[in-house]
Chemist: 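Pasting a structure below so you can have a look.
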Amino acid sequence: MKFSEMPYVRPDMQAAFKEMDGLTARVKSAASAGEVLAAYKEMDALMSKVDTPLSIASIRHTVNTTDQFYAGEDEFINEQYPLIAEKTQAFSRAVYDSPFREELVKEMGSLLFKNIELDLKSFSPEIIPLMQEENKLCTEYQKLYASARLEFMGKTVTIAQLGPYKQDPDRAVRKAAIEAEGSFFDQHQAELDEIYDKLVKNRTAQARELGYENYVELGYYRMNRNCYGRKEVENFR
């Protein structure tokens with residue numbers, strides 16, 4: 001099946017949240033590692049059921065930001081993902097705190113618990129409004145970026161379509177492509193600066209709400225850096 005033919009139906013998030021709460025309760029009251037594992041598998045299947053349509057809608061919006069239907073779905077997604085994170089973190093914490101931890105590590109591996117630990121460090125329900133605002137700002141940037149229509153070598157192209165020209169064997173073509181791309185950012189400098197400024201302030205606020213000095217440490221956690229951090233990157237550089 002082609003991606004364009006994949007059906008999209010907005011998931012019933014309230015029903016999904018209710019099911020997530022039920023699975024979290026099952027983990028907390030589990031009498032064995034087997035019961036925890038069964039709940040974990042059901043949560044994994046549920047998340048696949050929820051993530052698949054949301055991913056379809058997000059991709060279709062990115063491909064064509066002028067499509068009003070998927071623009072509306074993208075707004076819906078921006079609101080929902082932080083709420084999903086709240087539910088999945090509650091479930092992950094229940095698994096992490098399970099009295100059957102040793103057996104679960106043998107079955108699922110220690111890396112899973114390391115990743116849960118990082119996730120627990122990167123989210124709190126208190127920052128949901130900030131995360132929703134962050135998502136909206138990212139969408140603003142995507143729409144602006146996708147709106148670019150540049151006249152280049154007798155064609156009207158997008159920034160993405162300049163890619164091959166930026167790798168052309170002819171240096172003059174590469175230079176012209178870079179300058180064409182740069183002209184778009186020059187023309188929209190004020191808008192881009194405003195989005196960037198808001199994102200920096202938003203992410204700094206999220207980090208401080210979670211107890212960090214700035215977004216750097218939180219950013220590493222959100223990128224799921226489970227085997228290296230800022231010091232290792234500085235050393236590499």
Side-chain angles (χ1 to χ4, degrees), residues 8-59 73-136 138 202-203 205-212 215 217-227 229:
Y8 170 72
V9 178
R10 179 189 284 192
D12 183 340
M13 295 310 305
Q14 293 309 309
F17 290 153
K18 184 177 180 180
E19 192 171 346
M20 290 176 191
D21 289 340
L23 289 169
T24 299
R26 277 175 52 187
V27 170
K28 290 180 177 179
S29 62
S32 68
E35 290 183 17
V36 176
L37 286 169
Y40 186 89
K41 290 178 181 178
E42 287 184 43
M43 175 63 93
D44 190 52
L46 174 60
M47 288 309 302
S48 178
K49 184 179 177 181
V50 169
D51 278 335
T52 297
L54 295 185
S55 295
I56 290 172
S58 180
I59 292 169
E73 293 307 285
D74 192 67
E75 290 180 10
F76 171 77
I77 292 168
N78 287 341
E79 294 289 329
Q80 295 303 311
Y81 266 130
L83 302 177
I84 293 171
E86 180 180 17
K87 298 296 184 182
T88 56
Q89 190 187 76
F91 178 84
S92 295
R93 184 178 291 279
V95 173
Y96 190 82
D97 293 337
S98 171
F100 308 106
R101 172 81 165 270
E102 189 174 334
E103 294 172 70
L104 294 173
V105 168
K106 289 179 181 178
E107 288 292 329
M108 298 190 288
S110 60
L111 181 60
L112 171 69
F113 289 88
K114 177 63 176 177
N115 289 340
I116 290 176
E117 185 178 329
L118 295 178
D119 180 59
L120 294 175
K121 291 179 179 180
S122 65
F123 176 82
S124 171
E126 288 74 23
I127 65 170
I128 285 177
L130 285 169
M131 292 177 70
Q132 291 171 330
E133 180 189 20
E134 178 188 16
N135 289 342
K136 291 178 182 177
C138 290
N202 175 289
R203 288 167 173 164
Q206 288 188 53
R208 290 180 177 167
E209 183 70 35
L210 293 172
Y212 306 116
Y215 188 71
E217 187 173 2
L218 176 57
Y220 275 96
Y221 292 147
R222 287 193 172 165
M223 289 188 290
N224 208 35
R225 299 296 187 244
N226 53 34
C227 58

Chemist: Are R222 and Q206 close enough that a side-chain donor and a side-chain acceptor fall under 3.5 Å?
Modeler: yes
Chemist: Determine whether S48 and T52 make a side-chain contact, defined as any pair of heavy atoms from C-beta on separated by less than 4.5 Å.
Modeler: yes
Chemist: Could you give the distance from CZ (R10) to CD1 (I56), rounded to the nearest 0.5 Å?
Modeler: 14.5 Å
Chemist: Dump the intermediate steps for side chain to side chain contact (heavy atoms under 4.5 Å, CB included) on D119 and Q89, then the final yes or no.
Modeler: CA-CA 7 Å; D119 180 59; Q89 190 187 76; 3.7 Å; yes
Chemist: So, taking the atom named CD in E79 and the one named CE in M131, what distance separates them when rounded to the nearest 0.5 Å?
Modeler: 12.0 Å
Chemist: Got a second to check how far R203's CZ is from L130's CG, nearest 0.5 Å?
Modeler: 11.5 Å
Chemist: Working to the nearest 0.5 angstrom, can you tell me the gap between I77 CD1 and N135 CG?
Modeler: 10.0 Å
Chemist: Please indicate whether Y40 has more than 12 foreign heavy atoms, meaning atoms of other residues, nucleotides or ligands, lying under 6.0 Å from its OH.
Modeler: no
Chemist: Please lay out, stage by stage, how F17 and M13 fare under the test side chain to side chain contact (heavy atoms under 4.5 Å, CB included).
Modeler: CA-CA 6 Å; F17 290 153; M13 295 310 305; 3.7 Å; yes
Chemist: Taking all non-hydrogen atoms of both residues into account, name the closest pair between A30 and E35 and its distance.
Modeler: CA-OE1, 3.3 Å
Chemist: How long is the gap from OG on S98 to CD on E103, to the nearest 0.5 Å?
Modeler: 8.5 Å
Chemist: Locate the shortest heavy-atom distance separating A33 from L104; write the atom from each residue and the value.
Modeler: O-CD2, 3.8 Å
Chemist: Donor-acceptor check, side chain of T24 to backbone of M20, threshold 3.5 angstrom: yes or no?
Modeler: yes
Chemist: Over all heavy atoms of both residues, which pair between L23 and E42 is shortest? Give the atoms and the distance, please.
Modeler: CD2-OE1, 3.7 Å
Chemist: Walk me through whether L118 and Y220 qualify under side chain to side chain contact (heavy atoms under 4.5 Å, CB included).
Modeler: CA-CA 9 Å; L118 295 178; Y220 275 96; over 6 Å; no
Chemist: Identify whether the distance between the nearest side-chain nitrogen and carboxylate oxygen of E75 and K136 falls below 4.0 Å.
Modeler: no
Chemist: Rounded at 0.5 Å granularity, tell me how far CG in N226 sits from CZ in F113.
Modeler: 14.5 Å
Chemist: For side chain to side chain contact (heavy atoms under 4.5 Å, CB included), just list the numbers for Q132 and L83, CA-CA rounded to whole Å, side-chain angles, deciding distance to a tenth of an Å, and then say yes or no.
Modeler: CA-CA 9 Å; Q132 291 171 330; L83 302 177; 4.2 Å; yes
Chemist: What pair of heavy atoms forms the shortest contact from L210 to I127, and how long is it?
Modeler: CD1-CD1, 3.9 Å
Chemist: Is the centre of the Y221 ring less than 6.0 Å from the centre of the Y212 ring?
Modeler: yes
Chemist: Tell me if a side-chain donor or acceptor on E107 pairs with a main-chain N or O of L37 at a distance below 3.5 Å.
Modeler: no
Chemist: Which heavy atom in V50 sits nearest to a heavy atom in A16, and how many Å separate them?
Modeler: CG2-CB, 3.9 Å
Chemist: Is the shortest side-chain heavy-atom distance between Y96 and L112 below 4.5 Å?
Modeler: no
Chemist: Provide the closest heavy-atom pair for Y8 versus A57 in the form atom of the first, atom of the second, distance.
Modeler: CE1-CB, 3.6 Å
